[in-house]
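Here's the structure, in structure tokens; my notes come after.
Computed from a predicted structure; not experimentally measured.
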Amino acid sequence: MICRLYLMIFLQALLITFVACNAPPVPLDDIVIEKTSVPETCVRAVQSGDFVRYHYHGTFPDGKKFDSSYDKGSTYNVYVGKRQLIEGMDKALVGMCVNERRLVKIPPKMAYGKDGYGDTIPPNSILHFDVLLLDIWNPEDKVQIKTYYKPENCGRTIEVSDFVRYHYNGTLLDGTLFDSSHNRLRTYDTYVGIGWLIAGMDQGLLGMCVGEKRIITMPPSLGYGENGDGSDIPGQASLVFDVVLLDLHNPKDGITIEKLGIPETCQRQSKVGDFIRYHYNGTLMDGTFFDSSYSRKRTYDTYIGKGYVIAGMDEGLLGVCVGEKRRITIPPHLAYGEEGTGTKIPGSAVLIFDIDVIDFHNPSDTVEITTFFKPSKCDVLSKKGDFVKYHYNATLMDGTLIDSTHSYGKTYNVVLGSGQVVLGMDMGLKDMCIGEKRTVVIPPHLGYGERGVEGEVPGSAVLVFDIEMIDLEEGLPDGYMFIWNSDVTPDLFTEMDKNLDGHVDPVEFSNYINHQVVTGKGKLAPGFDSGKIIDNMFSNQDRNSDGKITADEFKLKDEETKEHDEL
């Protein structure tokens, strides 16, 4: 009896379980939300009154699809909380983040109720929506700016009417890339604040520094609005631009000059028409290198103020001192303009030159002489034809040593005015007395000219010589290589003709002249090869060039109708 009772209880429980498993669904009282995917970060969640764009699959509880935005090829765009949606969806979207995915179950009373929706949704249907949120914005939204990098130095920021060059990545709010200047391998170049850009970008770029990086987020009303751009940007889409500013100028800009190093003394500043030698490093505003004179191991040499260089450099090199270092910032309209150079300098680029002035001169310059020591007794002054001995240190204007007689342990010896030194040195050595010390500055047209001396003196270089006059020997009058210190014997030819054969040969002539010099009766021009002088004197007397001088050929210099280096 007890066993039969237990058996009946067990069968009854089994029947109840079977009926429960096959019972029709119990109607929901509220929506049920299952978060199937949640983004790591959620900057903003949907609130009532927001406008959203989302994709969805709509199905019945048995999985049968009744609608899908994917099938239509576009998102569903709508305001939340304004009864533009069924009540359940209005409620389900609140609190969602972009890129969040939810499975939403909506009871009939919060969907289409007992009436259903035409032939698509039967009465009293429970609806399931698989929702992926792609965008949120609000009519009150403004441009949002997040600066994630800012350089330490920011001397200037973007203002209305400035021209800028920047790189960007443009994405939708869900991260979908729609455009990138990086992919095109060129910056986006435009004016700011005058309507050349969408309103949000016009606003978002203001106040940026060169080198700054920003995230600029804008609602569609400040982007491409209801219609999008017709291709990659859908209608009613929020836009996100990741921007790095590379360049900035205004059409009204002139050059700017920053003095990085000023020499202690500056005797002269450069002016229009000067010829200048300088080193430089050239960069764009973002620091990109485009050229350097240092890499070529030679200065850049040019006239200034005459259009030989870009207008901004022509202006920026005026008023410099030798040894000065300055930074010259040049806007594109004073540099390479909208076209750039086609290679390293892009169009509309601001250029920055760090320059180091090595020297400059003017074609009208002459030798500059500064005496910094003069002995108390200074009666005999050097002149043309004098044989002088002096020490020197030779440098460029920036102090670079070229040469020094001190390193050789001997003086440098020349005859003034004979072309044995550059013209500027000839001028600098005149009117000196023994023991005097001078600084002589020689412009290149009086020095080694445009070519210089390979490996020693650069082309077009100004030279600086520190000179000390050690000794000088008075030269002969202009045009003479030999003079008599005493009266000339009236029987000069006979005295030369030692063997009395009626003619003077080279040996007799040379012996006689050298004897006159040794005894002090005559003098050869100092600083020259005496043998060559005597040979030249003999040749001048040997009228018929037969290797001997006859009495008929022999004449003193005063008897000549023309000047010759002879007796």
Side-chain angles (χ1 to χ4, degrees), residues 155-156 163 247-285 289-296 298-338 340-341 345 348-368 370 395-400 424 441-447 449-450 452 458-464:
R156 175 176 179 178
F163 191 92
D247 202 341
L248 158 67
H249 78 276
N250 193 281
K252 297 178 181 178
D253 286 348
I255 66 168
T256 58
I257 295 173
E258 179 185 355
K259 295 187 177 183
L260 305 178
I262 302 175
E264 292 183 2
T265 59
C266 180
Q267 297 179 348
R268 173 179 172 183
Q269 292 180 318
S270 60
K271 62 182 185 299
V272 171
D274 282 346
F275 190 89
I276 190 167
R277 298 193 312 116
Y278 63 96
H279 272 302
Y280 70 88
N281 284 318
T283 63
L284 305 180
M285 284 198 81
F289 168 86
F290 64 79
D291 194 18
S292 173
S293 62
Y294 296 100
S295 64
R296 294 189 294 274
R298 59 167 297 176
T299 55
Y300 193 83
D301 309 337
T302 185
Y303 287 97
I304 54 175
K306 290 190 170 185
Y308 285 83
V309 290
I310 56 176
M313 188 61 81
D314 244 354
E315 182 182 348
L317 290 171
L318 294 175
V320 297
C321 303
V322 171
E324 182 175 338
K325 297 179 181 181
R326 59 169 57 177
R327 177 169 292 161
I328 305 172
T329 302
I330 305 175
H333 50 275
L334 296 176
Y336 292 97
E338 295 182 4
T341 62
I345 299 177
S348 300
V350 176
L351 307 182
I352 298 176
F353 291 91
D354 284 344
I355 68 164
D356 184 1
V357 180
I358 304 302
D359 74 22
F360 61 84
H361 72 280
N362 196 280
S364 63
D365 286 349
T366 187
V367 171
E368 295 179 18
T370 303
T395 65
L396 301 179
M397 288 284 280
D398 65 346
T400 301
V441 181
I442 303 175
H445 51 275
L446 298 175
E450 294 182 6
S460 299
V462 178
L463 305 179
V464 181

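- Listed by chain and number, the residues in a side-chain contact (heavy atoms from CB on, under 4.5 Å) with E338 are S348 (sequence neighbours excluded).
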Identify all side-chain donor-acceptor contacts of residues 312-326 below 3.5 Å with residues at least two apart in sequence or on another chain.
{"residue": "D314", "atom": "OD1", "partner": "G305", "partner atom": "N", "Å": "2.6"}
{"residue": "D314", "atom": "OD2", "partner": "G307", "partner atom": "N", "Å": "2.9"}
{"residue": "E324", "atom": "OE1", "partner": "C321", "partner atom": "N", "Å": "3.0"}
{"residue": "E324", "atom": "OE2", "partner": "R326", "partner atom": "NE", "Å": "3.0"}
{"residue": "E324", "atom": "OE2", "partner": "R326", "partner atom": "NH2", "Å": "3.0"}
{"residue": "R326", "atom": "NH1", "partner": "G316", "partner atom": "O", "Å": "2.7"}
{"residue": "R326", "atom": "NH1", "partner": "L318", "partner atom": "O", "Å": "3.3"}

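- Counting heavy atoms from C-beta on, the side chains of L284 and D247 never come closer than 4.5 Å.
- Residue A349 comes nearest to I345 through the heavy atom pair CB-CG2, 4.2 Å, listed as atom of the first residue, atom of the second, then distance.
- Shortest non-hydrogen contact noted between P444 and V462 is CD-CG2, 3.9 Å.
- Here D359 contributes atom CG and T395 contributes atom OG1; the two are 10.5 Å apart, rounded to the nearest 0.5 Å.
- With sequence neighbours left out, T299 forms a side-chain contact (heavy atoms from CB on, under 4.5 Å) with R277, H279, D301, I358.
- F163 and H249 have tilted rings, their planes meeting at an angle from 30° to 60° on a 0 to 90° scale.
- P331 and G254 get closest at one heavy-atom pair: CD-O, 3.6 Å.
- Note that CD1 of I355 and OH of Y300 are 13.0 Å apart. Values are rounded to the nearest 0.5 Å.
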Next item on the list: Could you go through the side-chain contact (heavy atoms from CB on, under 4.5 Å) check for D253 and R156 one step at a time?
Entry: CA-CA 12 Å; D253 286 348; R156 175 176 179 178; 2.7 Å; yes
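- Annotation: side-chain hydrogen bond (donor to acceptor under 3.5 Å, both in side chains) contacts of T370 (sequence neighbours excluded): none.
- In this pair, F275 and H361 present their aromatic rings tilted. The plane angle is within the 30 to 60° band.
- Distance CG/L396 to CG/L463: 6.5 Å, rounded to 0.5 Å.
- Contacts of T366 classified as side-chain hydrogen bond (donor to acceptor under 3.5 Å, both in side chains), with partners at least two apart in sequence or in another chain: none.
- When all heavy atoms are compared, the tightest approach of Y278 to S293 is O-OG, 4.2 Å.
- Under the side-chain contact (heavy atoms from CB on, under 4.5 Å) criterion, N362 pairs with R268, K271, D274, S364, D365, sequence neighbours left out.
- Across every non-hydrogen atom of S295 and S292, the tightest pair is OG-O, 2.7 Å.
- With sequence neighbours excluded, the residues satisfying side-chain contact (heavy atoms from CB on, under 4.5 Å) with Y308 are T302, Y303, K306.
- Rounding to the nearest 0.5 angstrom, the gap separating the CD1 atom in I330 from the CG atom in L351 is 6.0 Å.
- When all heavy atoms are compared, the tightest approach of Q269 to F360 is C-CZ, 3.7 Å.
- For T341, the side-chain hydrogen bond (donor to acceptor under 3.5 Å, both in side chains) partners two or more places apart in sequence, or in a different chain, are T343.
- Taking CG of D291 as the reference point, atom OG1 of T283 lies at 11.0 Å (rounded to 0.5 Å).
- With sequence neighbours left out, E258 forms a salt bridge (Lys or Arg N to Asp or Glu O under 4.0 Å) with R327.
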